[in-house]
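Residue indices begin at 1 and follow the sequence shown.
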Amino acid sequence: MSSTSKPFIKQSYDKFSQMTTTNSIPDMVKLGWDKQHKFKIGISHVKHQSIDQLMLLVNLITPEWLFIRQGIMSISIDSIDTLSFKANEVMTKVLGHSGDRDLGMYESVYFIIEKETLYKICNSNDLGIRITGDGYVHDFSGKDLDNFKLLSQQFYNNLFDESSFLNSINHQVKSGKSACFIATATMGNYNHPTVIELRSFRDNWILKQKWG
């Protein structure tokens with residue numbers, strides 16, 4: 001499998017399946033992060049001979065099951081369009097135990113959307129997202145979605161149309177993970193390919209080790 005990075009996306013190609021996967025950089029951003037319900041959202045695109053699929057990925061950590069794998073994501077765009085998408089489960093698990101008490105629940109799902117929907121998100125002036133689970137509803141709006149909208153613009157610009165949303169490429173998406181000051185200062189740009197590669201190595205390998 002080979003991989004390449006642009007300033008705002010990372011692509012990998014599997015020659016055996018002939019599938020290209022594109023993920024946003026950063027892979028996920030905080031969405032209405034609070035002490036009890038910790039949401040993150042990212043963007044991914046998969047292309048194959050028979051597949052051309054764009055997805056919004058949502059991960060959350062909560063003190064109790066919300067069962068969003070059984071839920072819906074609704075997106076309101078400028079109070080004109082309201083679009084709804086069914087969740088598809090990736091993973092659910094308990095994050096360990098302390099005595100008889102669960103330490104938290106982890107849920108990961110994805111929502112299949114159209115390219116036109118992502119474009120509307122990028123162009124929106126008033127964006128809202130509602131995520132429902134089994135008996136659970138939470139709305140995100142305003143500043144909760146600023147980072148996600150910027151991430152969407154950068155993803156769209158780098159994957160679909162480099163002439164769109166040019167202002168977005170001059171801004172830095174806040175991922176919630178710290179930047180490497182030395183590498184960034186050396187390369188002069190947070191989104192320099194070398195800095196991206198080092199950041200990816202840190203986040204996807206070093207930090208997953210016990211000593212990391």
Side-chain angles (χ1 to χ4, degrees), residues 1-31 39-61 67-73 75 83-95 105-122 129 131 147-165 168-169 173 175-177 191-209 212:
M1 181 177 291
S2 60
S3 63
T4 58
S5 292
K6 290 185 177 182
F8 304 106
I9 60 174
K10 183 172 183 177
Q11 291 184 310
S12 59
Y13 175 72
D14 185 340
K15 65 181 179 181
F16 294 100
S17 64
Q18 297 184 334
M19 181 177 292
T20 300
T21 303
T22 306
N23 291 308
S24 54
I25 296 179
D27 54 349
M28 303 194 104
V29 295
K30 293 177 182 179
L31 184 65
F39 286 85
K40 282 192 172 183
I41 188 167
I43 310 170
S44 184
H45 179 264
V46 175
K47 190 165 186 178
H48 182 258
Q49 292 176 347
S50 58
I51 300 173
D52 190 342
Q53 188 167 289
L54 183 64
M55 298 168 284
L56 298 182
L57 314 175
V58 174
N59 293 349
L60 67 114
I61 298 174
F67 298 106
I68 63 169
R69 64 183 182 272
Q70 301 172 4
I72 299 289
M73 172 186 281
I75 302 177
L83 310 169
S84 295
F85 307 93
K86 185 179 179 180
N88 299 273
E89 183 179 7
V90 177
M91 180 189 296
T92 57
K93 64 180 180 179
V94 177
L95 299 175
M105 315 301 175
Y106 173 82
E107 298 186 55
S108 178
V109 299
Y110 67 91
F111 302 87
I112 299 173
I113 67 169
E114 300 295 330
K115 175 183 172 183
E116 291 74 15
T117 301
L118 184 63
Y119 183 79
K120 288 181 179 181
I121 290 171
C122 295
I129 289 180
I131 294 180
N147 244 4
F148 170 58
K149 181 178 174 181
L150 180 57
L151 187 77
S152 300
Q153 291 175 337
Q154 292 173 348
F155 188 90
Y156 193 97
N157 173 280
N158 274 240
L159 183 61
F160 296 121
D161 183 1
E162 292 185 349
S163 67
S164 297
F165 313 111
S168 70
I169 65 178
V173 171
S175 67
K177 297 177 180 178
N191 290 306
H192 188 283
T194 300
V195 179
I196 290 171
E197 196 65 32
L198 289 170
R199 191 162 61 243
S200 177
F201 176 67
R202 177 199 66 187
D203 295 339
N204 296 316
W205 194 79
I206 292 177
L207 293 181
K208 293 182 179 180
Q209 310 308 310

Engineer: A side-chain contact here means heavy atoms from C-beta on lying under 4.5 Å apart; do Ile113 and Met55 qualify?
Structural biologist: no

Engineer: Could you give me the CA-CA distance, side-chain angles and deciding distance for Gln153 and Leu150, then say whether side chain to side chain contact (heavy atoms under 4.5 Å, CB included) is met?
Structural biologist: CA-CA 5 Å; Gln153 291 175 337; Leu150 180 57; 4.0 Å; yes

Engineer: Glu114: what forms a salt bridge (charged side-chain N to carboxylate O under 4.0 Å, His left out) with it, not counting sequence neighbours?
Structural biologist: none

Engineer: Do Ser168 and Val173 come close enough that some side-chain heavy atom pair is under 4.5 Å?
Structural biologist: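 The answer is no, as the side chains (C-beta and beyond) never meet within the 4.5 Å cut-off.
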
Engineer: Any side-chain heavy atom of Phe85 sitting closer than 4.5 Å to one from Leu56?
Structural biologist: no

Engineer: CD1/Ile41 to NZ/Lys30 distance, rounded to the nearest 0.5 angstrom?
Structural biologist: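 So the CD1 of Ile41 and the NZ of Lys30 are separated by 15.0 Å.
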
Engineer: Is there a donor-acceptor pair under 3.5 Å between the side chain of Gln53 and the backbone N or O of Val46?
Structural biologist: no

Engineer: Do Phe111 and Ile75 come close enough that some side-chain heavy atom pair is under 4.5 Å?
Structural biologist: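 Phe111 does not reach Ile75 side chain to side chain.
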
Engineer: Would you find a donor on one side and an acceptor on the other, under 3.5 Å apart, between the side chain of Asp14 and the backbone of Met19?
Structural biologist: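 No, Asp14 side chain to Met19 backbone: no donor-acceptor pair under 3.5 Å.
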
Engineer: Parallel, tilted or perpendicular: which one describes the rings of Phe165 and Tyr156, with boundaries at 30° and 60°?
Structural biologist: perpendicular

Engineer: Determine whether more than 12 heavy atoms belonging to other residues, nucleotides or ligands lie under 6.0 Å from atom NZ of Lys47.
Structural biologist: no

Engineer: Please determine, by modelled atom types, if Ser164 and Asn157 share a side-chain donor-acceptor pair under 3.5 angstrom.
Structural biologist: no

Engineer: Drop me the distance from Tyr110's OH to Leu57's CG, to the nearest 0.5 angstrom.
Structural biologist: 10.0 Å

Engineer: Using 30° and 60° as the class boundaries, would you call the ring planes of His45 and Phe160 parallel, tilted or perpendicular?
Structural biologist: perpendicular

Engineer: What's the separation between atom CD1 in Ile25 and atom CD in Gln11, rounded to the nearest 0.5 Å?
Structural biologist: 10.0 Å

Engineer: Under a 3.5 Å distance rule, please check whether Ser108 uses its side chain to pair with a backbone N or O of Val90 as donor and acceptor.
Structural biologist: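 Not at all, since once roles are kept as given, no pair shorter than 3.5 Å links the two residues.
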
Engineer: Would Thr92 and Glu107 count as having a side-chain donor-acceptor pair, cut-off 3.5 Å?
Structural biologist: no

Engineer: In Å and rounded to the nearest 0.5 Å, what is the CD1 to CG distance from Ile129 to Leu83?
Structural biologist: 11.0 Å

Engineer: Is Tyr13 close to Gln18 at the side-chain level, that is, under 4.5 Å between some pair of heavy atoms?
Structural biologist: yes

Engineer: Set out, in order, the CA-CA distance, both residues' side-chain angles and the distance that settles side chain to side chain contact (heavy atoms under 4.5 Å, CB included) for Thr22 and Lys10, then state yes or no.
Structural biologist: CA-CA 6 Å; Thr22 306; Lys10 183 172 183 177; over 6 Å; no

Engineer: For the residue pair Leu60 and Val109, establish whether any side-chain heavy-atom pair is separated by less than 4.5 Å.
Structural biologist: no

